[in-house]
There are 2 protein chains.
Amino acid sequence: MLHVAEAARVSVATVSAYINGTTTVSQELSARIEQAIREIGYKRNAIARSLKVGTTRTVGLTVPHITNPFFTDVVSVIQQAFDRAGYAVMLCCTDEDLNNQDDQIRLLLDRMVDGLIVARVGDSAFLKETVERANVPVVLLDRECENVDTDRVVLDNHQAVFEAITYLVDLGHKRIGYITGSFDISPMRDRMAGYRAALLAAGLTFDQSLVRSGDLHEADGYTAAMQLLSLHERPTAIFSANNPMVVGAMKAIRDIGLSCPEDISIICFDDFPWADVFHPQLTTIAQPVQAIGEQAAMLLLDRLNGNRDAPSRRLVLKGRLMVRNSCRPLSATTGAATPKIATSLV
Amino acid sequence: MLHVAEAARVSVATVSAYINGTTTVSQELSARIEQAIREIGYKRNAIARSLKVGTTRTVGLTVPHITNPFFTDVVSVIQQAFDRAGYAVMLCCTDEDLNNQDDQIRLLLDRMVDGLIVARVGDSAFLKETVERANVPVVLLDRECENVDTDRVVLDNHQAVFEAITYLVDLGHKRIGYITGSFDISPMRDRMAGYRAALLAAGLTFDQSLVRSGDLHEADGYTAAMQLLSLHERPTAIFSANNPMVVGAMKAIRDIGLSCPEDISIICFDDFPWADVFHPQLTTIAQPVQAIGEQAAMLLLDRLNGNRDAPSRRLVLKGRLMVRNSCRPLSATTGAATPKIATSLV
DNA sequence: TTGTACGCGTTATCAG
DNA sequence: CTGATAACGCGTACAA
């Protein structure tokens with residue numbers, strides 16, 4: 001900028017005023033400055049600017065795994081929204097690890113991000129502290145954080161799973177396997193609650209042996225499904241609480257020599273682009289990823305635009321059951337009666 | 001830092017020296033500083049530091065679409081690599097738009113990123129200029145940029161497609177439809193060249209009417225496949241030059257009442273996690289995403305670590321044909337003979 | 001309308 | 001081993 005000022009034979013203050021439009025600069029000087037800028041190829045240094053004005057026009061975004069199609073989509077939408085608003089976004093993946101998350105948030109804060117969107121993992125005291133002490137707005141995504149008072153956008157997980165399980169029950173299924181992640185994140189708790197509520201509403205009893213817990217990865221889904229399918233009294237349907245795990249479950253079904261939906265019905269949480277192209281066309285619970293991403297961005301942008309003192313907002317969106325063809329009526333399920341026989345033998 | 005200095009009754013210079021280990025600080029002062037830091041909860045301001053030292057420990061990454069599974073994976077790997085190295089990464093999606101790309105690179109440069117990884121779109125004079133003028137190291141990813149002298153990691157697209165088409169030819173296919181993106185990016189040119197070379201090697205003649213061009217999106221694949229399948233002399237196999245377009249192609253096949261692999265064989269570029277779980281299990285060309293991401297990160301990190309003057313490096317990796325069950329011998333293809341009849345009628 | 005002087009938080013230099 | 005001071009590049013009172 002100094003160079004520009006010299007080349008244009010004006011002061012740096014004038015150049016700054018011209019660039020930021022703070023005050024009107026005379027035609028003549030404007031022209032000289034404009035030319036000098038072009039000649040020098042001057043670019044304003046955003047870092048120096050940030051140091052002065054205390055804002056970086058950069059936000060931080062942390063998600064567990066970007067390869068999980070749900071997060072892929074949400075990240076994509078959020079990125080676009082901030083791009084439009086002239087913000088850069090720093091992306092971090094926690095890999096479901098609390099220490100990573102804390103480190104990354106620290107990293108982001110050190111770099112003076114103006115705001116943070118986090119799909120948290122675990123119960124982070126540090127995150128809570130950040131929300132309360134650091135003066136950067138934080139919006140929580142997908143996963144609740146009960147003891148933290150800040151903006152958030154979440155799904156009505158209970159309702160979504162209730163609907164899905166009820167659909168299965170209406171098809172006649174009574175033994176519905178359930179593959180879940182650890183209950184230290186709210187979606188897993190709420191989804192399980194939806195499962196139990198649907199069972200209860202249908203007059204079915206909850207059977208702990210039909211529930212298998214994993215760590216949200218494909219391999220965990222595989223193991224869980226293997227165990228479920230090896231049960232004496234095999235479930236006739238399986239619900240997977242996330243997408244990567246259902247891939248593992250499908251592989252288990254294949255490896256064990258069964259097929260879907262003939263032998264077993266499948267529903268999973270989170271839709272994906274291929275769902276209605278390949279067979280079986282999976283019945284899924286689709287989250288409104290577009291809305292989720294846009295709302296999260298909107299909440300943060302609103303704070304960034306100055307609305308700091310409004311009480312924290314909680315947006316809860318609805319999932320949608322995408323009925324395709326991975327579920328069959330119990331009566332049409334191969335060996336639907338076998339379990340009964342097996343049971344009576346035991 | 002000033003506060004810390006005051007609280008510890010030392011100068012800021014000493015605090016800085018202590019924090020950075022620039023010079024040894026006496027036990028006593030170290031203790032006082034340490035305590036002051038803890039009490040104040042002092043965190044070093046990375047922005048101010050960047051302004052002074054001229055480095056941000058942040059890199060920029062631009063890709064066309066993060067929802068394209070290939071880029072999802074590569075971004076994930078790159079993100080992890082830089083995370084390990086203590087760098088933050090700013091992610092931008094160009095949406096295959098040259099103006100977006102230029103804007104985003106400018107944005108990144110303004111923020112003084114230490115380096116750039118770009119899966120470019122179009123022929124950007126600005127990108128070329130950036131590489132030559134700006135003194136930030138740039139590594140090109142996936143897409144070549146002939147007239148730009150910088151590090152890059154690309155795939156041997158020619159060989160990969162040659163192998164895939166040859167596989168199809170060996171199955172007896174003679175009319176192989178080809179769905180491509182615009183030829184202004186190198187992979188599309190090279191893949192097409194591989195297609196033609198394979199045809200030539202097999203003594204088959206290239207038929208322009210079997211080639212359809214789209215804009216890399218799912219919808220384009222749909223349109224292209226529809227046109228191909230409506231040809232009087234229908235192709236017996238289709239190759240899609242990327243992943244999103246094959247999803248569209250599969251939908252077209254479904255909507256037109258055909259099925260894969262019975263009526264038509266399919267191969268597409270880029271593998272995806274579901275490929276071997278659902279039917280048809282798509283035969284694909286898998287790129288070594290892990291290696292691509294790691295190498296790209298490695299190339300940039302090497303420059304960042306001071307190796308600035310080495311001549312630019314070009315890493316070319318090999319794709320792998322993942323043979324599954326979306327391709328059948330021509331003899332086993334339903335209506336394999338029909339085209340001949342149709343032709344003779346015309 | 002334009003210019004001067006100062007501060008943002010750090011680090012590097014150099015004198016003590 | 002420590003401290004004063006000058007940058008880094010920019011924005012902004014305030015004075016002219």
Side-chain angles (χ1 to χ4, degrees), chain A residues 1-37 40-58 86 88 106-114 134-136, chain B residues 1-37 40-58 86 88 106-114 134-136:
Chain A
M1 185 149 122
L2 181 65
H3 301 291
V4 175
E6 285 170 351
R9 285 163 293 141
V10 298
S11 74
V12 288
T14 310
V15 177
S16 176
Y18 169 74
I19 291 177
N20 298 314
T22 313
T23 49
T24 38
V25 177
S26 70
Q27 283 291 330
E28 179 170 345
L29 294 199
S30 293
R32 292 220 304 263
I33 292 172
E34 182 60 40
Q35 186 187 353
I37 286 179
I40 313 254
Y42 167 78
K43 299 267 170 51
R44 166 163 87 181
N45 183 322
I47 294 292
R49 178 174 207 279
S50 293
L51 181 60
K52 178 63 186 171
V53 301
T55 180
T56 52
R57 288 194 85 76
T58 300
R106 245 183 288 267
L107 183 97
L108 261 11
L109 257 22
D110 285 353
R111 282 170 172 72
M112 279 179 52
V113 289
D114 293 340
N135 59 345
V136 301
Chain B
M1 184 149 123
L2 180 64
H3 301 291
V4 174
E6 284 169 353
R9 285 164 294 140
V10 298
S11 73
V12 289
T14 308
V15 176
S16 176
Y18 169 74
I19 292 176
N20 298 314
T22 313
T23 49
T24 37
V25 175
S26 69
Q27 283 291 332
E28 179 170 344
L29 293 199
S30 293
R32 292 219 304 263
I33 293 172
E34 183 59 39
Q35 186 186 352
I37 287 178
I40 313 252
Y42 167 78
K43 297 266 170 52
R44 171 165 81 184
N45 183 322
I47 294 293
R49 178 172 208 280
S50 293
L51 180 60
K52 179 60 186 171
V53 301
T55 181
T56 52
R57 288 195 84 77
T58 300
R106 246 183 287 268
L107 182 97
L108 261 10
L109 257 22
D110 285 353
R111 283 170 173 72
M112 280 180 52
V113 290
D114 293 340
N135 58 345
V136 302

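Just the heavy atoms: all of them, side chains too, but no hydrogens, waters or symmetry mates, feed the values below. Because the structure is predicted, anything quoted here is derived from the model rather than measured. Reminder, nothing fancy here: chain letters follow the sequence lines and each chain counts from 1.
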Trainee: Nearest-nucleotide wise, let me know which of M1(A) and L29(B) is further upstream toward the 5' end of DNA chain D.
Mentor: L29(B)
Trainee: Of the nucleotides dT1(C), dT2(C), dG11(D), which one has an atom closest to the side chain of T24(A)?
Mentor: dT1(C)
Trainee: For the side chain of T23(B), starting at C-beta, report the closest nucleotide among dT2(D), dT12(D), dT2(C).
Mentor: dT2(D)
Trainee: Between I33(A) (CD1) and dT2(C) (C1'), how many Å, whole number?
Mentor: 10 Å
Trainee: Less than 3.5 Å apart, any donor N or O on the side chain of T58(B) or R111(A) sitting next to an acceptor on the other?
Mentor: yes
Trainee: Whole angstrom is fine here: how far is it from NZ in K43(B) over to P in dT10(C)?
Mentor: 12 Å
Trainee: What I want to check is whether an N or O donor and acceptor connect the side chain of K52(B) with the base of dA12(C) at under 3.5 Å.
Mentor: no
Trainee: Taking atom C1' of dT2(D) as reference, at what distance in whole Å does atom CZ of R9(B) sit?
Mentor: 15 Å
Trainee: Expressed in angstrom and rounded to an integer, what is the separation of Y18(B) atom OH from dT10(C) atom P?
Mentor: 15 Å
Trainee: Measure the distance from CD1 on I47(B) to P on dG9(C) and round it to the nearest whole Å.
Mentor: 12 Å
Trainee: Mind checking if S16(B) touches a base, just sugar-phosphate, or nothing, with heavy atoms under 4.0 Å?
Mentor: base
Trainee: Side-chain N or O of N20(B) versus OP1/OP2 of dT10(C): is the shortest distance under 4.0 Å?
Mentor: no
Trainee: Map L51(B) and S26(B) onto DNA chain D by nearest heavy atom, then report which one ends up closer to the 5' terminus.
Mentor: S26(B)
Trainee: Can you check side-chain contact (heavy atoms from CB on, under 4.5 Å) on V10(A) and R32(A), steps first, answer last?
Mentor: CA-CA 9 Å; V10(A) 298; R32(A) 292 220 304 263; 3.9 Å; yes
Trainee: Of all the nucleotides listed (dT12(D), dA12(C), dG3(C)), which has the minimum atom distance to the side chain of A13(B)?
Mentor: dA12(C)
Trainee: Looking only at side-chain N and O atoms, does R49(B) come under 4.0 Å of OP1 or OP2 in dG9(C)?
Mentor: no
Trainee: Calculate the interatomic distance between N45(B) atom CG and dC8(C) atom P; express it in whole Å.
Mentor: 12 Å
Trainee: Could you measure the distance from the CD1 atom of I37(A) to the CZ atom of R44(A)? Nearest 0.5 Å is fine.
Mentor: 10.0 Å
Trainee: Using atom CD1 of I37(A) as one end and atom P of dG9(D) as the other, report the distance to the nearest whole Å.
Mentor: 16 Å
Trainee: Which part of the nucleic acid, if any, lies within reach of Y42(B) when heavy atoms closer than 4.0 Å are counted: base, sugar-phosphate only, or nothing?
Mentor: sugar-phosphate
Trainee: Would you tell me if any nitrogen or oxygen in the side chain of T14(B) comes within less than 4.0 Å of OP1 or OP2 on dT2(D)?
Mentor: no
Trainee: Could you walk me through whether Y18(A) and V4(A) pass the side-chain contact (heavy atoms from CB on, under 4.5 Å) check?
Mentor: CA-CA 12 Å; Y18(A) 169 74; V4(A) 175; over 6 Å; no
Trainee: Touch check for V12(A), heavy atoms < 4.0 angstrom, all strands: base, sugar-phosphate only, or nothing?
Mentor: nothing
Trainee: If I take atom CE in residue M112(A) and atom C1' in nucleotide dT10(C), what distance separates them, rounded to the nearest angstrom?
Mentor: 13 Å
Trainee: Measuring from atom OG of S16(A) to atom CD1 of I33(A), what distance do you get when rounded to the nearest 0.5 angstrom?
Mentor: 10.0 Å
